[in-house]
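Before any comments, here is the structure.
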Amino acid sequence: MSLLVNPLATTCVKDVHGGRRSRSGLLSTSVKTRISAVYTKEDKNPTWAAFDFKRYMVKKADSVNKALEAVVQMKEPLKIHESMRYSLLAGGKRVRPMLCIAACELVGGEESTAMPAACAVEMIHTMSLMHDDLPCMDNDDLRRGKPTNHKVFGEDVAVLAGDALLSLAFEHVAVATRGSAPERILRALGELAKSIGAEGLVAGQVVDICSEGMAEVGLDHLEFIHLHKTAALLQGSVVMGAILGGAKEEEVERLRKFAKCIGLMFQVVDDILDVTKSSHELGKTAGKDLVADKTTYPKLLGVQKSKEFADDLNREAQEQLLHFDSHKAAPLIAIANYIAYRNN
Amino acid sequence: MRSMNLVDAWVQNLSIFKQPCPSKSLVGFIHHPRFEPVFLKSRRRISSHGVSAVLTGEEARVSTQRDDAPFNFNAYVVEKANHVNKALDDAVAVRNPPMIHDAMRYSLLAGGKRVRPMLCIAACEIVGGPQSAAIPAACAVEMIHTMSLIHDDLPCMDNDDLRRGKPTNHKVFGEDVAVLAGDALLAFAFEFMATATTGVAPERILAAVGELAKAIGTEGLVAGQVVDLNCTGDANVGLDTLEFIHIHKTAALLEASVVLGAILGGGSSDQIEKLRTFARKIGLLFQVVDDILDVTKSSEELGKTAGKDLAVDKTTYPKLLGLDKAVEFAEKLNEEAKAQLAGFDPSKAAPLTALADYIAHRQN
């Protein structure tokens, strides 16, 4: 199973100054990559090296896939359900669901409690990609090597299927969550909605759109886009899991910060890899950002300072986890390190 | 797309929104010069020409059983619309990034009769709940109604340049922003309802969220839109399909509006189900009366070309049942709708009773 994914999947990159940023790659792939060694002698933290991250990821992805399959079954009207399933069950690493479940378990909750929420974040991630691919947005014909939803089902159905996935996400959490008090489920729903709306995911997408053709995109601007377009839903996933798992306030806030750091870190590492690795290693065209003169962290800070920034973010992320049981925190630590040290 | 948004067609015909009620002066925004009674396409295009004044001072009042203070439907509708407009304006304030909030507000605050919010509030009050408990949900249903219109208008869907006489969202902000504004409104509807509802037990708010989400998904609004898309250009659509489209595209959100109000107002399961049935009946009643009017009224009275359905050989209730039976059916639906309200306090039931009667007896 291709766990390590091509960070810059073939989603559209409108590579002009400050052009549209592609949808981040840990999180969407269309190209299989070689799996590079996750556990090497250079692993910084012996504790997490003992944790079988690969196995953990596979196991969680399996559970999530089964659950998704059950939630979006084929029924009338057939076309819309087919369209929803086409994108939702297209494969994917299920990183967001995994974060949701890991956060829930970290604070003492059960996977089963978080599962509806885990499915919901994946539905929402999927619908945002479906809408992103539309001709009026990124206009992508391929995603993960397959034709995009609107190419198969038509734009109208793709728009509606996205809307349907969005509402199903909320419905599913509201009606299917067990083992958590109603107040918590409501709070989780509020967090989810906030992370994807006009102050979350959508905000990032809109600013990205507005940045097209801008001559100079500053660091603040770049960070805004990343924090909203990528980190917001990651945060939503983690925070939902924490709330449903029974976390205390401080715990929720620590995990929120954790997610924000790894979300941003992901983008920084992405940028660094584009500059430093060869095409072969990356599995895609390296130096693409430079050629396109896109605003990136190395461009703004230089490669060295970007690496330092990524390290700082990783440290800050993991600091949040120090307050938790280290055994239970292992999955999240592993994810953070994976993002930081990946080679492609 | 063969759109059948009957509520908007009805609202368009609701003459209190078109001309001054002879004995009342309505608040300014109802007669805002921008307001133009052309909503979503119904099966027939309905123009605003020559609309006769249906709602006179008398008709605006529906007597309650007690008959002590005739209920003023006009005033009720206006009052609720005002309240909801203010709440919507406050809820979707302009924040960063301004463009998306502007796009959301553009469509949301474009004027609209706020029928669904009104139903939500009325249902909340009929079961004894305070209006305040229903306001976030009332706003949520309007946000969802709005987002479905924004997406419906897109070039890949109905491809409309105008809505209510104004350029559609994507014409002003671009298609990409319009898609996102719709998504954002959908998300915010749930956020607002989940976080801003006060004075209601969390279990009830949760049940309401589930109900709303269900009503707009693939067993509700979206289902209707998808089947409608499939039927585009097909003149020989069976009654079953027509009803499916109508029930899902139009009635589902109406039903949800009512049920949400009932849940949040503290209604018992029995009461909630009665109100659900009420909503279904009036939803269908719209449709039947629409069909009847097309056959029976002259062009002038209707303000549009009468007999259009017959001319294009569309499947309609009069066509299938005969005119007399169709009229009987409409009356029956009205009675059945009102029967659901029998167990409630008549003064609290007055708005919904008035609504059912209005739908049944409208002349255009």
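Below, chains carry the letters A, B, ... as their sequence lines are ordered, and counting in each starts from 1.
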I need the minimum non-hydrogen distance between [X] and [Y], along with the two atoms involved.
{"X": "B:Ala187", "Y": "A:Ile196", "result": "CB-CG1, 3.8 Å"}
{"X": "B:Gly210", "Y": "A:Glu171", "result": "O-CG, 4.1 Å"}
{"X": "B:Thr195", "Y": "A:Gly190", "result": "CG2-CA, 4.0 Å"}
{"X": "A:Cys136", "Y": "B:Asp176", "result": "O-CB, 3.3 Å"}
{"X": "B:Ile100", "Y": "A:Val206", "result": "CD1-CG2, 3.6 Å"}
{"X": "B:Pro97", "Y": "A:Ala198", "result": "CD-O, 3.6 Å"}

### Query
Who among B:Asn230, B:Leu186, B:Val209 has the most heavy-atom pairs with chain A under 4.5 Å?
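Of the candidates given, the most pairs with chain A belong to B:Leu186.
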### Most contacts with chain A, counted as non-hydrogen pairs under 4.5 angstrom, among B:Arg95, B:Glu191, B:Met104
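Top count of heavy-atom pairs under 4.5 Å with chain A: B:Glu191.
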### Query
For A:His150, is it the side chain, the backbone, both, or neither that has a heavy atom closer than 4.5 Å to a heavy atom of chain B?
neither
### Message
For A:Leu166, which atoms come within 4.5 Å of any heavy atom of chain B: side chain, backbone, both, or neither?
### Response
side chain
### Query
Around atom CG of A:Asp220, are there more than 12 heavy atoms of other residues, nucleotides or ligands at under 6.0 Å?
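Open.
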Region of [X] in contact with chain A, defined by heavy-atom distances below 4.5 Å:
{"X": "B:Met193", "answer": "neither"}
{"X": "B:Thr218", "answer": "both"}
{"X": "B:Val227", "answer": "side chain"}
{"X": "B:Glu211", "answer": "neither"}

As an exercise, state the distance from [atom1] of [X] to [atom2] of [Y], rounded to the nearest 0.5 Å.
{"X": "A:Ser167", "Y": "B:Met147", "atom1": "OG", "atom2": "CE", "result": "8.0 Å"}
{"X": "B:Leu221", "Y": "A:Asp163", "atom1": "CG", "atom2": "CG", "result": "8.5 Å"}
{"X": "B:Glu219", "Y": "A:His81", "atom1": "CD", "atom2": "NE2", "result": "6.5 Å"}

### Task
For the residue pair B:Phe190 and A:Phe170, categorise the inter-ring angle as parallel (less than 30°), tilted (30 to 60°) or perpendicular (more than 60°).
parallel
### Query
Passes side-chain contact (heavy atoms from CB on, under 4.5 Å), B:Leu180 versus A:Met137? Steps please.
CA-CA 10 Å; B:Leu180 292 172; A:Met137 307 267 283; 3.7 Å; yes
### Query
If you count heavy-atom pairs under 4.5 Å with chain B, which of A:Leu186, A:Val202, A:Val157 comes out on top?
A:Leu186
